[in-house]
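These values consider heavy atoms only, across backbone and side chains, with no hydrogens, waters or symmetry-generated copies. Note that the structure is a prediction, hence the values are computed from the model and not measured.
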Amino acid sequence: MIDQSAPPETQDARLSVRPGTGRLLVLATVFVCAACGLVYELELVALASYLIGDSVTQASVVLSVMVFAMGIGSLLAKRLRVRAAVGFGLVEAALALTGGGSALVLYASFAWAGGGGSRYALVGFSLAIGVLMGAEIPLLMTLIQRVSRQDAGGAVADLFAADYVGALVGGLAFPFLLLPLLGQLTGALLTGTVNAVAGGALVLWLFRRDLTTRARTWLILVNALVLAVLATATALESDFELAARRAVYGAQVRVAEQTRVQEIVLTRSAHGTLNLFLDGRLRVDGADERQYHRALVDPAMRGPHRNVLILGGGDGLAAREVLRHRGVASVTLVELDPGVERLARTDPGLSALNGHAYRDPRLRVVTGDAFNWLRSSRSAYDVVVTDLPDPGITASTKLYSEEFYGLVSRVLAPGGRLAVHAGPVATRPGSFWTVDATVRAAGLRAVPYRATGRGAGFAAGPDRAKGTGKTSSDWGFVLAARKDPWLGRAAGGTWSRVPGRPPDVPPSTLVHPRYGG
C-alpha cells in the first residue's frame, strides 16, 4: 500500500512486474547507459585526437571536463528526484541526442570552422555529456529504491557494479566493434539510438503507472523526436561525410577509407599531383616527395647497402629510392597499417608514383609494429631507414625513443648506417634536436642535416589537411652510425649539414618523451 503522506521519491512504484524483475530491468538499463556513456567519451577523445592532434592533451581535456561536469550533473539531479522517472526519461533523451550527434557536430566544426571551432565544440560536448551522465546515477538510485526496498549500501553496490560492467563492455565495443565496422560518425549515432531506446523503454513501460497522461505524452513525443533526428542523421551521414571531407581535403578525393589503424585519404591536387593524408595529416605531397625521399635515403646508401631495412614507408616511396641503387640484394619493409600497403600496391596513381616498388622481388613486406618487430629480429642490415610519422605526434613517440634506437643499433651490421626523419628544423627545433640527442644517447654517432623544397614540410605532424598543409620551411634528418658517418654532398644541393653545435637537450625515452617546439 502506498503511503500518500511520504515524499514521492520514497514511495513504492506501481509496477506491473514483480519487484525483483523490476530491479533487474533497472540494473540492465544502468548497464546499457554506462556502456553508451563510455562510448561517447571514447568517441570524443578519438575524434578530437584525429582532428586536432596530440591525443594526450585531448584525452586530458575530455576526461577532466567530463568528470567535473558529472559532479555538476549529480547536484542538479537532486531537483529531479521528486519526479525521478520523468526526469530520467528526459535526461536519457537529451543524452542520446547530444552524445549521438556529437561526432557529426565536432567533425562539421573542424571542416567549416577550423581547429579553433572544433576545440570549443569539444569542450562544449564534454560539459553537456558529463552533466547528463552525472544526473543518471542519482535518478537511478531513486528509481531502484522505489522498485525494490533494500539498504542504501546494497543499492549503491548494485548500481555501481552494473555501471562498471557496462563501462567495460562499452570500452571494448568501441575499438573492436563500432569503430572498425561502422566508423566514428555512424557508431556514435547508433549508440545514441540504443541509449534513447533503453531509457525510454524503462520509463514508459516499467514506470508507466506512475506517469500522468501529460508526462507520458511528452516523453513519447520527445523520444520519438530524438529517434527521428538520429535516424535522419544516419541516413544522411554518407552525404554529410562527403561534403565535410571535400571541405577539408578539396573536391578531388580519390580514395577515403578507415582502417583499424587510421583514416587514409588519397587526393589529387589542382596541379594534378597525388597527396596522401593519414589521419588528416599530409604525409605525401606528390609535387615534392621525390626530393624528400632522396634526401632521406641517399646519404645512408653511400656505403655497403646490400641488405636494407625500411621502418614505416608503406607508401613504397622510400623503397623506390632504395631499389634504384645498384647492389641492393634485399629490402625488408615493416609497415603497421596493411591498408597503406594495399593502396600502394593497387592504386594506379600511387603505385605509379612509387615506381611499382611492390612488384620488385627484392622487396619483402612485414605487417606489424616496428618497435615490437625489432625486438625479435635477428638479421643484420647495412642500412636502416625510418620513414615514420613526425616525432611530435603522440602515437609515434616510442618510435623516436632511446629504447627504439637501441633496438635499431642491434640490427645494424658493422659499418651500417641509420637514416631518421626528424621533423622540421626551422619551425620545430626542439623536436629536431631531441631526436638528434636521442640517437646519440643510444650509442650512435649522429650527423644532423636538412633539405628544402618548394613544398617543404609536408611530412610535419601538426600540419593539417585544410589549406596547403605546408607551414614548415624544411625537412630535418639525422644520419647515424657506430662511427662518425659520412654525409657527403648532394647533387644540386638537395641537402646540407645543419651548422653549429647541437644544443644541450635531453633525449626522449619511453617513460619520459620530450619533444619541444
Side-chain angles (χ1 to χ4, degrees), residues 13 15-17 21-44 73 77 80 83-105 125 128-129 131-137 139-140 142-144 147 159 162-163 165-174 177-179 181-211 215-237:
L15 305 176
S16 57
V17 297
T21 303
R23 175 176 166 276
L24 289 177
L25 291 174
V26 173
L27 292 177
T29 304
V30 174
F31 170 87
V32 173
C33 293
C36 293
L38 196 64
V39 169
Y40 299 144
E41 189 175 316
L42 295 175
E43 167 259 316
L44 284 178
L80 300 176
R83 297 187 181 275
V86 175
F88 180 73
L90 293 176
V91 164
E92 290 309 298
L95 182 57
L97 183 62
T98 306
S102 59
L104 283 172
V105 177
F125 277 111
I129 294 173
V131 167
L132 294 170
M133 289 174 59
E136 288 178 323
I137 292 298
L139 295 175
L140 285 166
T142 301
L143 292 178
I144 200 169
V147 168
L159 280 176
D163 185 78
V165 175
L168 171 66
V169 172
L172 295 177
F174 179 74
L177 185 63
L178 293 176
L179 191 59
L181 295 182
L182 299 176
Q184 290 175 321
L185 304 186
T186 305
L189 291 168
L190 177 62
T191 303
T193 302
V194 172
N195 200 165
V197 170
L202 179 74
V203 175
L204 292 171
W205 182 70
L206 186 62
F207 295 96
R208 64 183 183 275
R209 294 180 180 178
D210 280 359
L211 303 176
R216 188 183 303 112
T217 302
W218 273 108
L219 283 174
I220 292 173
L221 289 176
V222 168
N223 278 276
L225 179 61
V226 169
L227 291 174
V229 170
L230 293 175
T232 303
T234 303
L236 299 177
E237 186 266 335

Only pairs under 3.5 Å count here: list side-chain donor-acceptor contacts from residues 24-37, not counting sequence neighbours, and write none if there are none.
{"unit_1": "Thr29", "atom_1": "OG1", "unit_2": "Leu25", "atom_2": "O", "d": "2.9"}

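Taking both residues in full, the closest heavy atoms of Ala84 and Leu143 are given as CB-CD2, 3.8 Å, listed atom of the first, atom of the second, then distance. The heavy-atom pair separating Gly171 from Leu42 by the smallest distance is CA-CD1, 3.7 Å. Pairing each heavy atom of Leu182 with each of Gly187, the nearest pair is CB-N, 3.9 Å.
The shortest distance between side-chain heavy atoms of Asp163 and Glu136 does not fall below 4.5 Å. Leu211 has its side chain within reach of Leu204: a pair of non-hydrogen atoms, C-beta onward, lies under 4.5 Å apart. Annotation: side chain of Leu219 is in contact with side chain of Leu90 (closest heavy-atom distance under 4.5 Å). Looking only at side-chain heavy atoms (C-beta outward), Leu80 and Thr142 stay at 4.5 Å or farther from each other.
Listed by chain and residue number, Leu132 satisfy the side chain to side chain contact (heavy atoms under 4.5 Å, CB included) test with Ala94 (two or more places apart in sequence, or in another chain). Residues passing the side-chain hydrogen bond (donor to acceptor under 3.5 Å, both in side chains) test with Asn195 are Tyr40, Glu92, sequence neighbours excluded. Residues satisfying the side-chain hydrogen bond (donor to acceptor under 3.5 Å, both in side chains) criterion with Glu43, sequence neighbours excluded, are Ser102. The side-chain hydrogen bond (donor to acceptor under 3.5 Å, both in side chains) test applied to Thr193 returns no partner, not counting sequence neighbours.
Legend: side chain to side chain donor-acceptor pair (under 3.5 Å) pairs involving residues 216-230, not counting sequence neighbours: none detected.
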